[in-house]
Amino acid sequence: MSDTFRAFVVNQVDGQYAGAFKQLSVSDLPDEKVLVDIAYSSLNYKDGLAVLGRGRGVVRNFPMVCGIDLAGTVAESKDPRFKTGDKVLALGGGLSETLWGGYSARQRINPDLLVKIPQGLTETQVMAIGTAGYTAMVSIMFLEDEGVTPDKGEIIVPGAAGGVGSVAVAILAKLGYRVVASTGRPEAHDYLKSLGAAEVLARADLDKQAKPLEPARWAGGVDSVGGRTLATVLAQTKPQGVITCCGLAGGNELPATVMPFILRGVKLLGVNYFEIPAGWRETAWKRLVSDLDRAKLDSMTEIEPLSDIQALAEKILRGKTRGRVVIDVNK
Ligand SMILES: NC(=O)c1ccc[n+]([C@@H]2O[C@H](COP(=O)([O-])OP(=O)(O)OC[C@H]3O[C@@H](n4cnc5c(N)ncnc54)[C@H](OP(=O)(O)O)[C@@H]3O)[C@@H](O)[C@H]2O)c1
């Protein structure tokens, strides 16, 4: 391996945010205990914000190597949990925010953030899952924890053609739920049916000014859109129904009323994939091995070169990427 390697780095100079490819050497990397040769990263909505400097402050230390996810091989380890040659992954935990991340051919990582790649999954597949897919799994675990079983009724997934949405549809369908997908893309209807959606709604059916209470339909929901969409979903949720909320692809406001909560006992559960009960990280990865159909995962994934990262970031922020995008950091 050559002494230097390529990384995508953002910097802020005189209030101007800019990203560029830099050649780094191992001595430039942070002083963490495990050096990883990275094969793949992924593209999440948050990566779009970090790469282009949009949103409010994803990146909090500069200069910053972007990329909230990474998968690769341990090159050196000063931590007893990992040895040279281990295949590992990391999802977030401060990567691309305060810690250097995965848009680099090599990185030194805090071992607390590393997980050995579960047997049955490849480096590409764990990045196809990435933070978005893992969050879909965690959201479903929250629904299950609240007693939302397939016999309770239909599950709504807004933003279904996106990363969180696509993985949620595929897992819920495999678990036997009747999944109703909502998308702003008419051309994605066949795709969503192929992932297991029983029915597909147009985005406009949910992204509207809803009444405080509407006819009750959903036993549960996995929302990554927020805004008016989430408010409508809440107004349409059945008594004792549970909706998880992890994202803001459609806006960070919640123009809802208290009526679904006080009259129907609806529950709204906030999801931060990193703030989960003890033991859930291991369980979530086991569940992703058993409950996410690999052929469906492959069908929702495209692999793109790191060299295109700025265009890809624009694309995900405009809601134009379908499913999940894996980033080949060596291309
Ligand atoms: N809290 C957490 O732990 C956590 C973890 C992961 C992700 N997230 C958040 O979850 C959200 C989704 O992330 P992602 O990586 O899945 O992004 P993504 O792949 O871009 O998916 C978002 C989807 O939302 C839909 N959408 C976009 N703009 C919309 C609008 N104006 N109105 C309604 N729907 C819209 C689109 O789906 P359609 O075209 O199908 O409508 C889009 O594909 C982001 O806000 C992200 O930050 C949070």
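Both ligands and their constituent atoms are indexed starting at 1 by order of listing. A quick note: this is a predicted structure, and the numbers were derived from the prediction, not measured. These values consider heavy atoms only, across backbone and side chains, with no hydrogens, waters or symmetry-generated copies.
- With hydrogens and angles left out, the side-chain atoms of Lys315 and Thr321 include no donor and acceptor closer than 3.5 Å.
- Remark: side-chain polar atoms of Arg318 are not paired, donor with acceptor, to backbone N or O of Ala313 under 3.5 angstrom.
- Taking only nitrogen or oxygen atoms, main chain and side chain alike, Gly319 does not reach within less than 3.5 Å of ligand 1.
- A heavy-atom distance below 4.5 Å is not found between the side chains of Ile155 and Trp218.
- Inclusion of Thr131 in the set of residues having an N or O under 3.5 Å from an N or O of ligand 1 is not warranted.
- Residues Asp79 and Lys33 are not paired through a salt bridge, judged by the lack of any N-O separation under 4.0 Å between the basic side chain and the carboxylate.
- Residue contacts with ligand 1: Arg185 is placed with a nitrogen or oxygen under 3.5 Å of a nitrogen or oxygen of the ligand (distance criterion only).
- Considering backbone and side-chain N/O of Cys246, one or more are found under 3.5 Å from N/O of ligand 1.
- The pair Glu199-Arg178 meets the salt-bridge criterion, with a side-chain N (NZ, NE, NH1 or NH2) lying under 4.0 Å from an Asp/Glu carboxylate O.
- The backbone and the side chain of Ile316 each have at least one atom closer than 4.0 Å to an atom of ligand 1 (non-hydrogen atoms only).
- In terms of polar-atom proximity, Gly323 is not counted as a contact of ligand 1, lacking any N or O under 3.5 Å from an N or O of the ligand.
- Residue Gly165 has no N or O atom closer than 3.5 Å to an N or O atom of ligand 1.
- Both tests pass for Lys116 against the ring of Phe82: distance under 6.0 Å to the centre and angle within 45° of the axis.
- Contact annotation: for Val225 versus ligand 1, heavy atoms closer than 4.0 Å belong to the side chain alone.
- A salt bridge links Lys208 to Glu214: at least one charged side-chain nitrogen sits closer than 4.0 Å to a carboxylate oxygen.
- Close N/O approach between Thr229 and ligand 1 is not found [any backbone or side-chain N/O within under 3.5 Å].
- Proximity of Leu317 to ligand 1, defined as any heavy-atom pair under 4.0 Å, is not found for any part of the residue.
- In terms of polar-atom proximity, defined here as any N/O pair under 3.5 Å, Tyr45 does make such a contact with ligand 1.
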**Request:** Evaluate ring-ring contact (aromatic ring centres under 6.0 Å, His included) for Trp280 paired with Phe142, printing each intermediate quantity in order.
**Result:** CA-CA 10 Å; Trp280 276 36; Phe142 274 112; 4.8 Å; yes

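- For atom 18 (P) of ligand 1, the nearest protein heavy atom (residue, atom name, distance) is Gly163 N, 3.8 Å.
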